[in-house]
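Below is one structure, written out as structure tokens, with a few remarks after it.
Side-chain atoms are counted along with the backbone in the values below, which use heavy atoms only and exclude waters and symmetry mates. As the structure is a prediction and not an experimental result, all values here were calculated from the model. First the proteins, then the strands, lettered A, B, ... as listed; each starts at 1.
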Amino acid sequence: MNDVIIVGAGPAGLSAGITCAKKGLGVLIIDEYMKPGGRLLGQLYEEPNGSWWNGIQESTSLYEHAVDLGIQFQLNTPVNNIEKLDQSWVIYTDKHTFNTDHLLLATGAAESPVPVPGWTLPGVMSVGAAQVMTNVHRVKPGERGVIIGVNVLSAAIAMELQLAGIDVACLTLPKLNKITKNAAQPKDVLESLLHVSHMAPSPLIRFGSKLMKNDFMKKMGVTFYPKEGVKMWDIPIQLRKAVINIYGDGEVEGITSATIDANGEVVSGSEENIACDFVCIAGGLYPLTELAAVAGCPFYLIDELGGYVPLHNERMETTLDGLYVAGNITGIEGAKVAIAQGVTAGLSIAENAGISGLDVDIQHSIQSIELTRDKAYIQFHPEVKKGKRILKEQWKEYERSVKKLVH
Amino acid sequence: MTEEEMIVCRCEEVSYEELLQTATKYNCSPRELKLRTRAGMGYCGGRTCRGMVDTVASTIKAQERTQISLKYQPPIRPITFGDLGRQDK
Ligand SMILES: Cc1cc2nc3c(=O)[nH]c(=O)nc-3n(C[C@H](O)[C@H](O)[C@H](O)COP(=O)(O)OP(=O)(O)OC[C@H]3O[C@@H](n4cnc5c(N)ncnc54)[C@H](O)[C@@H]3O)c2cc1C
């Protein structure tokens, strides 16, 4: 029996483990991937102050710290089920079953695909897969790629691919259909891009964010948006073109792209082929909550947080005794927020495990999450704070309904 | 390839057209859409197409807020029969 078991060795899980171990608890961290670090491993970008955020270095230093503190790791080990038996949590993996009173789920996020005709061809991958191949395994996904889906993540990864000497032909939209919806609407995409304009050295986008404050201006912006796109790090970002097909004989050879109007409809006769040897699909991220769901946590769908999130309080406790959450399972945000949430989860666990005098630390750590969120360089959803408010209301709502049942 | 023929569920090879037509014909909830077409019931356990099946069904009726529309069932990762049936000592 371990004092604490953590599923997920990403930034949230590692920082929670370190926090628990510092308080003297015995910690086991389980992860299905072969390396610790989670999605932090692939991250590489320049911060506004000119320093570089290197995910591999950050992961290594968290991992080494954890090992120094005596934390045990089970890598290459997928958790396929959890359940509560006789007051304690049972964690099922392929070969072994583990038990603990305090279980933290720090399983992070997963990518949503957008379907495009031809997307089942070899050479088509999620944008996150291209990031892992390039930055973690140092393997080029191809020589020349097209990225379908324009959002914060795909823009950041396009830049990373370019740093690795890979030619990114363009970032462009998927064709509008009943599944792609907003992700294929130039106006919606432009709006979401304006929120990340600080990442774009292009004066046009920066200029745009000041100008296009109302809907009319946005529409104008889209109508007059240059057909060949605006360049960000020298990569054309095309909001007036959509990919209608990915072609190739047994593997990707190129894409067919067409001009679209301000509402996302294809202008017929405008089709052209662009040669490439790989295609990335970027449909955004959602919290990976499978284990919280099989455990029986209540959920709420909050678009600002990326999808369904398990109800939890500021101390990272779920409604189920001894079950905690931290990191992107609570909503899509950057790695620094995940690290801060891990600290809070670790302190809550320590307190519930009988270590006293942590109240002030816990309050500070909660404030520190807020501060980190305010300063975040990458924001996946502009309204993330609204999402957190909705969650708080739902938690209160849940508490009220439980009290009613008891009385 | 046309948009209609486009595959949404790779494991069970369910097309965009089949999903749309089924959803409209039977006014499907996400779960009914999954059961009628088998989209999301293949080897990967719906890890790839779950969100898309949800989205197609949401054109009929808005997604439930308080409940995950397509239920997760253990085991949530592929596991061999041997490992599943093994007794831990
Ligand atoms: C493709 C992708 C790219 C991203 N790029 C960026 C970026 O460039 N910048 C940025 O700030 N943020 C990025 N993010 C967001 C990222 O999720 C956060 O930055 C941060 O890594 C979240 O930390 P976490 O600890 O919550 O989860 P993660 O870092 O995702 O770690 C979760 C860990 O849990 C493990 N796990 C999940 N389920 C199981 C299971 N059932 N059994 C065993 N192990 C399991 C996973 O293997 C993983 O190692 C990206 C996310 C994704 C998915």
| query | Taking all atoms of both residues into account, what is the closest heavy-atom pair of N177(A) and Y16(B), and its distance? | reply | CB-OH, 3.2 Å

| remark: Applying a strict 4.5 Å limit to non-hydrogen atoms, the region of L19(B) in contact with chain A is neither

| field | K178(A) atom NZ: more than 12 heavy-atom contacts under 6.0 Å | value | no

| Student check: side-chain heavy atoms of L291(A) and Y72(B) closer than 4.5 Å | no

| note | So salt bridge (charged side-chain N to carboxylate O under 4.0 Å, His left out) across residues 7-31 of chain B, not counting sequence neighbours, yields E12(B)-R38(B)

| Heavy-atom proximity to chain B below 4.5 Å, by part of Y286(A) | side chain

| task | Identify which part of Y300(A) has an atom lying under 4.5 Å from any heavy atom of chain B, answering side chain, backbone, both or neither. | result | both

| Is a donor on one side and an acceptor on the other found under 3.5 Å between the side chain of W119(A) and the backbone of I7(B)? | yes

| message | Just so I know, are the side chains of N81(A) and I76(B) near enough to count as touching, which here means a heavy-atom distance under 4.5 Å? | response | no

| message | Which one wins on heavy-atom pair count under 4.5 Å against chain B: T289(A), V114(A), D94(A)? | response | D94(A)

| Region of T120(A) that comes under 4.5 Å of a non-hydrogen atom in chain B | both

| task | Please determine, among V116(A), I82(A), T93(A), I244(A), the option with the most heavy-atom pairs under 4.5 Å with chain B. | result | V116(A)

| request: Pull out the residues in residues 47-71 of chain B that come under 4.5 Å of chain A, heavy atom to heavy atom, sorted by number. | output: R47(B), T48(B), M52(B), T55(B), V56(B), S58(B), T59(B), Q63(B), E64(B), R65(B), T66(B), Q67(B), I68(B), S69(B)

| field | chain B contact via I246(A) - which portion, at a heavy-atom distance below 4.5 Å | value | neither

| request: Would you mind checking which part of P113(A) comes under 4.5 Å of any heavy atom in chain B, side chain (CB onward), backbone (N, CA, C, O), both or neither? | output: both

| said: Measuring from atom CZ of R77(B) to atom OG1 of T77(A), what distance do you get when rounded to the nearest 0.5 angstrom? | reply: 12.5 Å

| What are the two closest non-hydrogen atoms of V294(A) and P74(B), and how far apart are they? | CG1-CD, 3.7 Å

| task | Go through the atoms of Q73(B) and report whether side chain, backbone, both or neither lie under 4.5 Å from a heavy atom of chain A. | result | backbone

| query | Does any heavy atom of chain B fall under 4.5 Å from the side chain of E111(A), the backbone, both, or neither of them? | reply | neither

